[in-house]
Amino acid sequence: MSSYAFFKNQIVPLDEAKVGIMTHALHYGTGIFEGIRGNWNSKKQQTYLFRLKEHYERMQGGCRLLKIDLPYSADELCRITIQLVEKCGFKEDIYIRPLAYKSSEALGVRLHDLEDDFLILIIPWGPYLDMDKARCAVSSWRRPDDNVIPPQVKITGLYVNNALAKTEAVLNGFDEAIMLTPDGYVSEGSGENIFLVIDGKLVTPASYNNILTGITRNTVIKLAQDELGIKTIERPVDRSELYLAAECFLTGTAAHLTPVAEIDRRKIGNGEIGKITGRLQEIYSRVIRGNHPTYLDWCTPVYKQEVIS
Ligand SMILES: Cc1ncc(COP(=O)(O)O)c(C=O)c1O
């Protein structure tokens with residue numbers, strides 16, 4: 001299957017979408033990206049884009065922060081994405097990567113007096129953490145404060161922090177890193193938010209704990225409340241609470257909802273997928289594939305011909 005990209009305002013074959021070696025964003029990390037899922041439903045022969053507009057609204061916020069002029073409305077960005085996904089025609093789970101970036105071929109650290117550009121590419125991609133249960137380690141790399149590099153939006157340059165943590169964890173034999181804030185509270189995974197189950201409730205770091213306020217996080221909070229009647233408490237989380245929690249899981253567009261079996265070689269609960277985690281995982285996977293009637297508003301179908309069963 002050939003892939004296409006949206007590049008310089010048009011859809012082109014992926015291998016024709018190239019940037020020059022002096023591109024500002026390549027040198028200084030001056031870009032804002034998003035990660036969006038297209039979830040394949042084989043029964044309906046349909047791809048559903050999950051919470052598409054919310055991803056572009058977050059991206060618009062990031063662009064304001066980095067002074068990137070994104071010349072499309074959120075609705076236009078959604079339309080372009082649907083067109084591109086349709087053109088690519090993948091019949092499997094995909095990952096969509098929009099990127100708005102400082103495109104001037106100019107050196108010099110700054111955000112002003114530079115041109116901006118925008119692209120979207122698509123790859124077929126299964127679950128990012130490709131295991132039933134993840135083994136995690138608390139990272140020696142801390143998540144930066146909002147006034148260092150704002151973690152609320154997806155700034156390309158910020159992800160060096162995530163890459164340092166991820167590689168440390170993987171080279172030490174773990175699947176994923178859990179980063180702490182500079183003052184030692186739990187923040188998030190290198191590409192996911194984190195939830196604990198404590199006393200039958202969900203507990204997750206608050207927005208002021210240097211997290212990306214994830215769209216999957218928001219989805220899970222709503223599903224837990226509306227489908228299972230389980231409340232989520234957003235508050236600072238101590239490191240030791242990680243080891244003492246009954247259950248733990250990670251959430252993210254790429255990783256979906258991944259149970260955590262172990263942190264720093266300590267089993268979480270009995271080391272198996274917890275009851276609440278398993279139920280949420282099952283509901284979430286139905287919701288993102290357009291199989292849960294209550295949440296169809298979150299799912300944008302791509303193909304015009306859908307098999308109605
Ligand atoms: C650092 C970080 N935290 C959390 C998330 C989860 O965010 P979302 O659920 O919006 O994908 C991501 C993924 O984009 C991420 O990169």
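Each ligand, and each atom within it, is numbered from 1 in the order the structure gives.
Note on Asp264 versus Arg239: salt bridge recorded, some NZ/NE/NH1/NH2 to OD/OE distance being below 4.0 Å. The pair Lys133-Glu272 meets the salt-bridge criterion, since a charged nitrogen lies less than 4.0 angstrom from a carboxylate oxygen. Using a 4.0 Å cut-off between a side-chain N of Lys or Arg and a carboxylate O of Asp or Glu, Glu86 and Lys304 qualify as a salt bridge. Salt bridge annotation for Asp93-Arg37: absent, with no cationic side-chain nitrogen under 4.0 angstrom from a carboxylate oxygen. Electrostatic pairing of Glu262 and Arg135 counts as a salt bridge here, judged by a charged N lying under 4.0 Å from a carboxylate O.
With a heavy-atom cut-off of 4.0 Å, Arg143 touches ligand 1 through its side chain alone. Only the side chain of Asn162 comes within 4.0 Å of ligand 1, counting heavy atoms alone; its backbone N, CA, C and O stay farther away. For Pro151, no heavy-atom contact with ligand 1 is shorter than 4.0 Å. Only the backbone of Glu192 comes within contact range of ligand 1, with a heavy atom under 4.0 Å; no side-chain atom does.
Polar contact check, Ile215 against ligand 1: a nitrogen or oxygen pair lies under 3.5 Å apart. Checked by distance only, ligand 1 and Thr216 come closer than 3.5 Å through their nitrogen or oxygen atoms. Residue Arg217 places no N or O, backbone or side chain, under 3.5 Å from any N or O of ligand 1. At a 3.5 angstrom cut-off on N or O pairs, Thr253 counts as close to ligand 1. At least one N/O-N/O distance between Arg58 and ligand 1 falls below 3.5 Å.
Of all heavy-atom pairs between Arg142 and Pro182, the closest is NH1-O, 3.1 Å. Of all heavy-atom pairs spanning Asn162 and Met179, the tightest one is CA-CE, 4.3 Å.
Ligand-side atoms of ligand 1 in range of Tyr159: 1 (C), 2 (C), 15 (C), 16 (O), range being under 4.0 angstrom from any heavy atom. Of all the atoms in ligand 1, the ones that sit under 4.0 Å from a non-hydrogen atom of Gly214 are 7 (O), 8 (P), 9 (O), 10 (O). Of all atoms in ligand 1, numbered sequentially from 1 with element shown, those under 4.0 Å from a heavy atom of Ser190 are 1 (C). Against a heavy-atom cut-off of under 4.0 Å, Lys154 is close to the following atoms of ligand 1: 12 (C), 13 (C), 14 (O), 15 (C), 16 (O).
The protein heavy-atom contact nearest to atom 2 (C) of ligand 1 is Glu188 OE1, 3.6 Å.
In this structure, the side chain of Glu16 does not engage the main chain of Pro13 through any donor-acceptor pair within 3.5 Å.
Ligand 1 has at least one atom lying under 4.0 Å from a heavy atom of Gly191.
Checking each of Lys154, Arg58, Arg97, Lys53 against Glu34 for a salt bridge (Lys or Arg N to Asp or Glu O under 4.0 Å) leaves exactly one that passes, namely Arg58.
Crowding of Tyr185 atom OH: a count of heavy atoms from other residues, nucleotides or ligands under 6.0 Å not exceeding 12.
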